[in-house]
Amino acid sequence: MAIENPLIRCENVTVSASGKKLVEDVTFELGPGKFVALIGPNGAGKTSLFNTISGFYRPSQGHITFKGQDITRIPAPRRAKMGLGRSFQNIALFRGMTVLDNIKLGRHAHLKTNVFDALLYLGRARREEAELRRDVEERIIDFLEIDHIRHAPVSALSYGLQKRVEMARALAMQPEILMLDEPVAGMNREETEDMARFILDVRAEWGVTVLMVEHDMGMVMDLSDHVVVLNFGQVIARGTPAQVQADPEVARAYLGSGNVDELRERLRAAARPRAEAA
Amino acid sequence: MDMDWGYLFEVSLTSVMGGGLYALAGLAFVMVYKATRVVNLAIGEMLMAGSYLFFTFAAMWALPLWLAIPAAVLASGVLGAVIERTMIRPLLGEPPISAFMVTIGLGSVLVGLVEMIWSADQRRLPDFLPTQAITVGDAFLAPKIFWGAVIASVFITAVLLVFRYWRGGVALRATASDQAAAYAVGINVPRVFSLSWVVSAMLAAVSGIIVGSIGGISSSMGVFGLTVLVVVIVGGLDSVLGALVAGLLVGLVEGLAGAYLGGEYKLLATFIVLVFILMVRPYGLFGTREIERL
Amino acid sequence: MNQQAMSPRRRGLMLGAAATGLAALTQPLAVLAQDASEIVIGGSIPMTGVFAFAGVGINDGIQDYVKIINDAGGIKGRKVKYVPEDTAYKVDVSVAAFKKITSQNKVNVYYGDSTGFAKTINPELERNGNILMAGASFASELNDPKKYPHQFLVGPDYTEMFGILLKHIAKEKPGAKVAFVYSDSEFGRDPIEKSEAAAKQLGLTVAIKIMTAAGSVDVSGEVIKLRRAAPDYTIFHGYILAPIPEFITQGKQQGMKSKWMGTFWTMDSSTVMKMGADGDGFMGVMPYRYYYDTEAAPMLEKIRAMRPEYQSTAYTQGMLAAMLFLESVKRCLDAGKPLTGDAMKAALNSLKDFDTGGLIGVPISIPGNSIPVGRVYKADMKAQKMVPASDWIKL
Amino acid sequence: MRIGTLKESYVADAALFDSRTQHVWLAIAAAALLLFPFMANDYWLYMACLVAINIASSAGLNILTGYTGLVSLGQAAFMGLGAYTVAILQLRWGTPLALNLLAAGVVAMLGGLIVGVPSLRVKGLYLAIVTIAATFIAHFLFANFDFTGGTSGLSMRPARVFGTDLDTSFRLYWLIVPVTVLMLLGAANLFRTRIGRAFIAIRDRDISAEVLGIALLKYKLLSFGLSSFYAGVAGGLFAYFFRVITPESFPLSMSIFFLAAIIVGGMGSTLGSILGAAFMTMVPELLKLVFDLLPGGADLTVFLAPVRLVIFGALIIVFLVFEPLGLAEMWRRTRRFFHLWPFKN
Amino acid sequence: MTQNATDLVLEVNNIEVVYNKVVQALRGLSLAVPRGEIVALLGSNGAGKSTTLKAISNLLPLEDGLLASGHIRFAGQDTARLAPQQLVRLGVSHVMEGRHVFEDLTVEENLVASTYALSGRTNAAKPDFDLVYEYFPRLFERRKGLAGYLSGGEQQMLAIGRALIAQPTLMLLDEPSLGISPKLTEDIFAIIARINAERATSMLLVEQNATVALAVAHRGYIMEGGKIVIDGTAERLASDADVREFYLGMGGGGEARSFKQLKHYKRRKRWLS
């Protein structure tokens, strides 16, 4: 299922850390405007793959291309500038800053203010900050409905709001591809619904491509166009939500293999004789 | 220039022996770091406190040595417990930088207290080490240095043995290895933290007594701690083996720099070794690399 | 202006509040301003910190001499007031003390605590023009009437101290091998270069110069070096006590035959006695008499009457400083001159064969900024005393 | 957190001082700064200059340690670099004051960059120890070169501006305080822009910051550079102020002093730099005052220095344990209280 | 299966857990473990399973978590005020997710460290290393080796063995199968079954591999979003179609309507210029 002009393409990517393979020979593509979900049981290597794409890990083998350009050796900050925006599994907001500053930070790579501008705060710095402020306020804060908390320090916010701020920051990065790492983990139903709606709206209004890691299967199956399933670092299945749901391999990865009753008999049999002896 | 091998040997021997004291003090430092992840910048001042306690018992109260030394070591242990309880424990869970800076404050407090109680004058400890000169071949070895090194190695060995075979030692190493798991197997982790400070303070006191008996004591002898810091950084903050090896290494470097370049190069040489080693191995010779996570 | 006014408002607030508060503070202090006829001795005295052992003595010495003078009716009827401030031997604190004392009193003479302070405050002294200063420093650099016109040293400078020792050595053992052991500090390095030349002139060989890190405790490496140089005399400088005893002990253990010597700040009786048995025979230069000296000396008797317990050489130093201060003031007043720095310094330099009441064993003259005289004393551990090992040596 | 101020543009909202009351206070403060030299005596002027120099240096350290989270015990060394630069330029070439101060900043900055280079590989407390090494290496260089005057250091002529010698505290005040004010303004501005935000991001979680497009090494170096530039200029002021500089003018304890100042004042706060440096500089003087007021104060004087040390250390500990945000936070709390008192608004 | 209060080793009653003062991980969770039984706690990642175990063993504060409300009773005693080590000494052993063996210690020292669990226990037998080695002969072979060098499966055995030393009444097992091959997983679960059968140790088992968990367990709970959504006997859960749906998000179930059909409502406002 090769895509003509994939926005992002991972080719035989293998990532190792301290002798363990976190991701092994993973290949997948993501077309512009698509919504792809990356799923798999705990420890399957989803976040590692995310970290590799955003440049925190360097693959030991394989290549990653973005808009046709090989970015395997490009450091993380430059990838951000190229248009890879992401959120983090455990909220990675900067707790010492206000919501507004956190969001502004997302734009960092696109701004030009240098130290001298900054110290003087005249001319370029002043203009750029005002422009940024307007954009953040009018497009992002308004969009995500967090205007009432913009001056609040993030540490004082509820979890759901923090997740939303993190999404706002990712949007401020002006990403072409938005990578969301478990955007609704730990949220209640209402917050999950809000977040899902925002993700859909972002996609609709901004035309952003989305790559998402998520455990909420309802959400994954509902929102995504395409699902990639990882287990033990390898791709075990891929396809539309329906195809993946029907895949016995996926069921095995999630639920375990074999027949419960048979297994129970075996386990009990292993325990029984000694128990009687004891 | 002609190489005077005898001189080189004599200087090296003396400095490696002197490095034994760095190793012992380094061990005291690593003890706390391993268990509690606190970088104790006041290690030199804790040494000083130990030596002043010894001075009080031995010179001011005129207790016999066999009583004064254990008394000073025990009193230092109590001091360690007090420090842990009042300054370190409240910062549990705070970033490690906080505890680090608290120990800077602690250093200042200890120097102030020593000057308040004993004044800032230099003092000499009663001589208790044998004074018979030691010779190895043609080389002289100052008896204090020799006996200091002997005592240091005895203590280092004892500590290593105790922590290998004593259950409390296992608890300490277990806590150092994995704090959450230590809680989960029923180890009283806060008590282990206390224990590590107590043991560290006691070891510091032993080194302080030896250092003080070699060069006299004063409220500025905490400077010794700077070299100890270099030692533990070079060795790797959490490595006992590192502290031992780096102690001897730094002793040697210092001695050679002093001998061939001059006294003003001693500290400089050790710091250059430090910077060099950190550039090559950012976690010291034997330190554990901390794994970064997003 | 606008830019500046926009500046950290909070800071301004703070300082503003502070300013008002502080201004209020200065008022009552200004009221304390002295009676115009008083002679004021200001002092940045290191009563605490690493130099406290000397500072406390200095303070007592000045105080006692002021008392003696005031009890005798002051100077030409004018009372003397002594205003000390503790400095903890820190330059910035010393300067602060100077500023504080001079802004609250009309100071005539001033005692400063360190070389750093003497150098730092010198421009201020010149600008002020009405203060004569001496202090605890014997730095050779200060012994320059051109650069330091309003200051003087209460004894020989460090180079002169070495000169006295070397002269003694040259006499006792011509052509002897000498070692200099000194600390890596301004204090330690001060006399070394010049004294090396001086030694050559006297026909002595400087066998080795060993600089030790300031505050170093383990000197065994240095002792090895020293032993190999096999000097006849070893002069220590730039230390108070440590690591001298360790040098001597280890040197003796390794069979060295050197004689050991020190300079002023090491030479207080109580300091030398701390060296223990190995310190027996330790020699050094001392410009003053010791408290327990038995030769005829009216001032020493007065001191012993006022203070029955041993007083350090720092005490003597403080007392002598006060004596020379007030003698200069007196000579100015006698001559009807205003108490300017120039006049007081000129009065000081006019001292010829001045009798210090026995604080110094010979009559002194002060041609420049120092009193280049001293004597070699030697430790007698049995008697727990320093005993003379030479005559008074004038350079 | 102010109540009832209405902003009409984003620029206004981003201004450092935005309300009318603030402007009034600002004017009062400026007036106080202008009038102070005419009211205070020499001692208080001296203290004011010293406080201002320490504030400038603390503001620099706060950029590095408070905002960027890189603990440095090398601030004194960088000040020393600045001070020696000024002294050498003046003594050798007689260059003008403004140029000397700028050069002091630049030279110190270069020193800072060199120390900062390991910061990408060497982390956290290991890095703090490297900065201690820098202090000693700088001391060694100062003490062992001819052009630095060796251990006896350098003595300078007073700074000369428009034909006037800045040789009294009163005159120096008009150099030191404005320069400090400008530097503080720069620091405050910095944290309104992407540069300052990047620093804070590195402090809070450096790895995530990288993924957001912040080049770690670049910004860590920038922070080191800026911080030591501040230290260098402060050191230059120090040189003009004391006019005698020796290697011993910049000991490790001075670096510790600055660290203590920002801990007590408040890390990551410009106000914190100001309050902390002012407070810590005044503590010894205040203590003397207290001792003088105590009965039998004269006998207690021998305890002054140790008590000072104990209090100095205790302040660090107490603030870290009980008020980690420092005096700045206490000030904000007080202000909030008075802002609403006795009525809302 | 009759249940009355005295038969319950563990009762968790309507607990809420908050991390970092903001993240609500558990929202009114209740469950119970009958004496001598294995109870499986299943659910997708992030549902709060591990948090539940940490709440029970009082390890939450280590991760800045807080039991905000509700009660936990172990053997009838409220555990809120007990330090983790006290709880271990009372008989609750937690085998943490990711094994958490002491890597710098030898296998045997790992077991020695665990003897602290017996401190202050009046009726405790001597620590029985042989028992552990009998269950896990491979640990005996490697008892002098550093635990850090063991394979993942061996480390899991050591973690369970370490808990056994504590002679627990209740064992909390967190994902024993994590990162372990299916064959080894079955071996380990067989031993878990043996321990339960031979030593009557009650167990609360968190597992993502539902098949093996339900095979070994007597009862099970399924949680989502910080609370229990389904419970029943293991047999019933194993045959329940909802469980499967639950894991794989097959939709159709009660509240799961499509997000795409949620109403859009957007405020518009005027902006400053």
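Both backbone and side-chain heavy atoms feed into the values below; hydrogens, waters and symmetry mates do not. If you're wondering where the values come from, they're calculated on a predicted model, not measured in any experiment. Within every chain, numbering begins at 1; the chains are lettered A, B, ... in the order of the sequence lines, protein sequences first and strands thereafter.
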Exercise. Do A:Leu267 and E:Arg194 touch side chain to side chain, with heavy atoms closer than 4.5 Å?
Worked result: no
Seminar exercise, completed: Among E:Ala190, E:Ala238, E:Ala210, the residue with the most heavy-atom pairs under 4.5 Å to chain A is E:Ala210
For this session: Go through the structure and list residues passing side-chain hydrogen bond (donor to acceptor under 3.5 Å, both in side chains) with E:Glu16, not counting sequence neighbours.
Result: E:Gln24
Exercise. Excluding sequence neighbours, so at least two apart, what forms side-chain hydrogen bond (donor to acceptor under 3.5 Å, both in side chains) with A:Arg127?
Worked result: none
[X] versus chain E, heavy atoms under 4.5 Å apart: side chain, backbone, both or neither?
X	value
A:Gln162	side chain
A:Ser155	backbone
A:Ala242	neither
A:Leu157	backbone
A:Arg252	neither

Problem set entry | Interatomic spacing from OG1 in E:Thr211 to CD in A:Glu262 - rounded to 0.5 Å | 11.5 Å
Problem set entry | Segment of E:Leu178 engaging chain A (4.5 angstrom heavy-atom cut-off) | side chain
Problem set entry | Top contributor to chain E interface from A:Arg264, A:Lys163, A:Met219, A:Arg266 [non-hydrogen pairs under 4.5 Å] | A:Arg264
